[in-house]
Amino acid sequence: MELSFEHADYLSSYDGFLTEAASAAQANVPPEEVAAARKFYDDGATDAYIEECEISRAAGTALLPFGRAVFHGAAFVWRQKAWIFAAPSGTGKTTQYRLWKLLFGDEIQMLCGDKPVIEIEHGGTTVFPSPWRGKENMGNRITAPLGGIIILEQEKENSIRRLLPREAAGRIYLQFMFSRKTKEQLLAVCSLEHRILSTIPVWLLKNRGDEASAMLCRETIEKELYADEI
């Protein structure tokens, strides 16, 4: 992937991802698109900041023809598989990961804190790191097959349940980062999402952001997927 920038403010974020290999796709955010996106940002946001935030969406769009996508979520590795906490910004993805890390220590390793790249093939879904690691800058250069997605909601009481594909479809769709400009893009994302929901379990975790919620989440996954190993 070749990324082009008008501003150099955030280029250090990409140092660990530089390669001499030829690019198969290109992405950039032209000044007119930065200006159009400004209405979604705080008044003090600079053009450089908006460009950096929007480049992941442009990259996600460019990756679609290759069966890959940029996905909004905090991805971590547990039991040799990747698990993604998915939710709108500010809903507690980082908090939930930190609770897991606090409780389960070396069992847990962060893969990408905000927008990992996922590759969906007929043999399974793989999660890759990306430069877009969130404001906490959490991530590692590791890759793992996707084990499941946990959608988060803030609630006064902790509860968790497995979602049917039709229940999860709308929520998962919103986590794909792409421009949503053409019918072809929409159909490509729907195809990728269908393949994910056909093979990957999704849970809804309503939580208080406490240790009990992390314990409930882990115990539920273990019971439903790893009962023979417990």
For this session: Might you confirm whether atom CG of Asp15 has over 12 heavy atoms from other residues, nucleotides or ligands at distances under 6.0 Å?
Result: yes

Problem set entry | Between OH on residue Tyr97 and CG on residue Leu111, distance to nearest 0.5 Å | 10.0 Å

Exercise. Is it true that Lys135 and Asp114 make a salt bridge, defined as a side-chain N closer than 4.0 Å to a carboxylate O?
Worked result: no

For this session: Please report the shortest heavy-atom distance between Pro129 and Cys112, naming the atom on each side.
Result: CA-CB, 4.3 Å

Problem set entry | side chain to side chain donor-acceptor pair (under 3.5 Å): pairs with one or both residues in residues 194-208, sequence neighbours excluded | Gln96-Asn207, Trp203-Glu224

Exercise. So with a 6.0 Å cut-off around CD of Gln80, is the heavy-atom count from everything else above 12?
Worked result: no

For this session: Could you pull out the closest heavy-atom pair between Ala25 and Phe66, with the gap in Å?
Result: CB-CE1, 3.7 Å

For this session: Check whether any side-chain N or O of Glu51 sits under 3.5 Å from a backbone N or O of Glu6 as a donor-acceptor pair, and report yes or no.
Result: yes

Exercise. To the nearest 0.5 Å, how far apart are OG in Ser130 and CD1 in Ile118?
Worked result: 11.5 Å

For this session: May I have all residue pairs that pass salt bridge (charged side-chain N to carboxylate O under 4.0 Å, His left out) and include part of residues 84-98, sequence neighbours excluded?
Result: none

Exercise. Can you name the nearest heavy-atom pair linking Gln109 to Asn140, along with the distance?
Worked result: CG-ND2, 3.9 Å

Seminar exercise, completed: NZ of Lys181 to CD of Glu33, rounded to nearest 0.5 Å, is 3.5 Å

For this session: State yes or no: do Leu216 and Ile84 share one hydrophobic cluster built from I, L, V, M, F, W and Y residues joined by side-chain heavy-atom distances below 4.5 Å, directly or via other members?
Result: no

Exercise. Linking Ile, Leu, Val, Met, Phe, Trp and Tyr by side-chain heavy atoms under 4.5 Å, what else ends up with Val70?
Worked result: Met1, Leu3, Phe5, Tyr10, Leu11, Tyr14, Val29, Val34, Phe40, Tyr41, Tyr49, Ile50, Ile55, Leu63, Val117, Phe128, Trp132, Met177

Exercise. Does one side chain, of Ser179 or Gln185, offer a donor that lies under 3.5 Å from an acceptor on the other?
Worked result: yes

Exercise. How far does CG of Leu164 sit from CZ of Arg162, to the nearest 0.5 angstrom?
Worked result: 9.0 Å

Problem set entry | Test item: Arg38 side-chain N/O and Ala45 main-chain N/O as donor-acceptor pair under 3.5 Å | yes

Problem set entry | CA sep, side-chain torsions, deciding dist, call: Trp100, Trp83, ring pair (Phe, Tyr, Trp, His ring centres under 6.0 Å) | CA-CA 12 Å; Trp100 275 63; Trp83 307 84; 7.8 Å; no

Exercise. Are Glu107 and Arg218 ion-paired here, with the side-chain N under 4.0 Å from a carboxylate O?
Worked result: yes

Seminar exercise, completed: On a heavy-atom basis, the closest approach of Leu197 and Ala169 is CD1-CA, 3.8 Å

For this session: Kindly compute the distance separating CZ (Phe104) from CE (Met215), expressed to the nearest 0.5 Å.
Result: 5.0 Å

Exercise. Ser213 side chain to Asp210 main-chain N or O, any donor-acceptor pair under 3.5 Å?
Worked result: yes

Exercise. For the residue pair Leu152 and Gly92, what are the closest heavy atoms and their distance?
Worked result: CD1-O, 3.7 Å

